[in-house]
Amino acid sequence: MLEQNKLGSQGLAVSRVGLGCMGMSQWYGETDDAESIATIHRALELGITMLDTAEAYGPFLNEELIGKALKGRREQAVIATKFGFPTGGSFDGVDSRPEHIVGLVEASLRRLQTDYVDVLYQHRVDPSVPIEEVVGAMAGLVAEGKVRYLGLCEAGEATIRRAHAVHPLSVVQAEYSLWERNLEDDVLPALRSLGIGLVGFCPLGRGFLTGTVDRAENYPADDFRSHDPRLQGENYDLNMAIARRIKELAARHDLTPAQLAVAWVLHQGDDIVPIPGTKRRKYLDENVGAAAVRLSAELLAEIEQIVRSGMVAGPRYNERMMAAIDR
């Protein structure tokens, strides 16, 4: 069984590795609800507690799926969900008006078939609404018992500090992997100074670090990878060279590339929980195996050398989506 980590100082305890559920309902090829539910059940058996979702995933379908999967098992899971995109499913613009937040969370609770969520995130910072007002509304839901812990997603240092002053944040969620390190200069030190945990999504670089993803143009338009700048043109070739070296390094140590990548995140601190996404049990078991991996100082240095020498080509999102990142 997986060890439990405490994140923040408000009492949140989650498994050392969590499960990102977005791909079960959209963006990454065909969906299979039966296999996804079986994957969630397998995650619970393995000791995974944190299940990450959002109203925007589907839209709405992912929360409904988790609600079905957790019927009769609610107390085994830590449900983390998010609000903040205008119509739930649109990634164009943000909307965190306080007068809407209560209704949005009530709808999430119905879909999740529960009377509380463990972690509530603002999905993206809304520059038109002061973060103090947003967190104030979120704090009201904590007082009512509908939410247990608060977090922000892809927020910058200044926003995090202002939010935390209104109501303590337990976690901040952001992309973090051995080749996506944008948090290390300011956000991660701020989190540690404030006693806030980090939940890292895409620890496998949206699958790129496994060395198995295809070029962007080979995916259908409704697949997220078709719009990923790091999979396009020359970027793909340069980044695949890094992925090949990671794959070779993992093989020399009897690991899969996914296990090496997740283990790297785990070695960055006990206040960081990666949430690799998968919709299949076989990949879930592989990812969880990373929790038992111990990376030597020499191996960590070799990983660092590979990534630093190759660098990563291309931004992690297209221009429109990068504009929504509060950094």
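Model, not experiment: these values are computed from the prediction.
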Checking [Y] against [X]: is there a side-chain donor and acceptor pair closer than 3.5 Å?
{"X": "Asn182", "Y": "Glu184", "value": "no"}
{"X": "Ser96", "Y": "Asp126", "value": "no"}
{"X": "Gln173", "Y": "Asp52", "value": "yes"}

Check [X] against [Y] and note the closest heavy-atom contact, atom names and distance.
{"X": "Asp115", "Y": "Leu109", "value": "C-CD2, 3.9 Å"}
{"X": "Pro274", "Y": "Leu266", "value": "CD-CD2, 3.5 Å"}
{"X": "Met138", "Y": "Tyr121", "value": "CE-C, 4.2 Å"}

Regarding [X] and the six-membered ring of [Y], is the cationic atom NZ or CZ under 6.0 Å from the ring centre and inside 45° of its axis?
{"X": "Arg124", "Y": "Phe85", "answer": "no"}
{"X": "Arg225", "Y": "Trp27", "answer": "no"}
{"X": "Arg230", "Y": "Tyr317", "answer": "no"}

Using a strict cut-off of less than 4.0 Å between a Lys/Arg side-chain nitrogen and an Asp/Glu carboxylate oxygen, indicate whether [X] and [Y] qualify as a salt bridge.
{"X": "Arg161", "Y": "Glu157", "answer": "yes"}
{"X": "Glu154", "Y": "Arg327", "answer": "yes"}
{"X": "Lys82", "Y": "Glu63", "answer": "no"}
{"X": "Arg245", "Y": "Glu248", "answer": "no"}
{"X": "Arg316", "Y": "Asp228", "answer": "no"}

Holding to side chain to side chain contact (heavy atoms under 4.5 Å, CB included), I want the full list of residues that pass it with [X], two or more places apart in sequence or in another chain.
{"X": "Gln10", "value": "Tyr149, Pro168, Ser170"}
{"X": "Thr49", "value": "Gln4, Val14, Ser15, Val78"}
{"X": "Val293", "value": "Leu255, Ala263, Leu295"}

Other residues, nucleotides, ligands: >12 heavy atoms within 6.0 Å of Tyr283 OH: no

Parallel, tilted or perpendicular: rings of Trp179 and Phe208 (30°, 60°):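 Because their plane-to-plane angle lies in the 30° to 60° range, the rings of Phe208 and Trp179 count as tilted.
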
Geometric class of the Phe224/Tyr28 ring pair [parallel <30°, tilted 30-60°, perpendicular >60°]: tilted

Stepwise salt bridge (Lys or Arg N to Asp or Glu O under 4.0 Å) check, Arg74 with Asp118: CA-CA 11 Å; Arg74 172 65 183 94; Asp118 297 279; 3.0 Å; yes

Candidate list Arg280, Arg281, Lys279, test salt bridge (charged side-chain N to carboxylate O under 4.0 Å, His left out), partner Glu35, passing option: Arg281

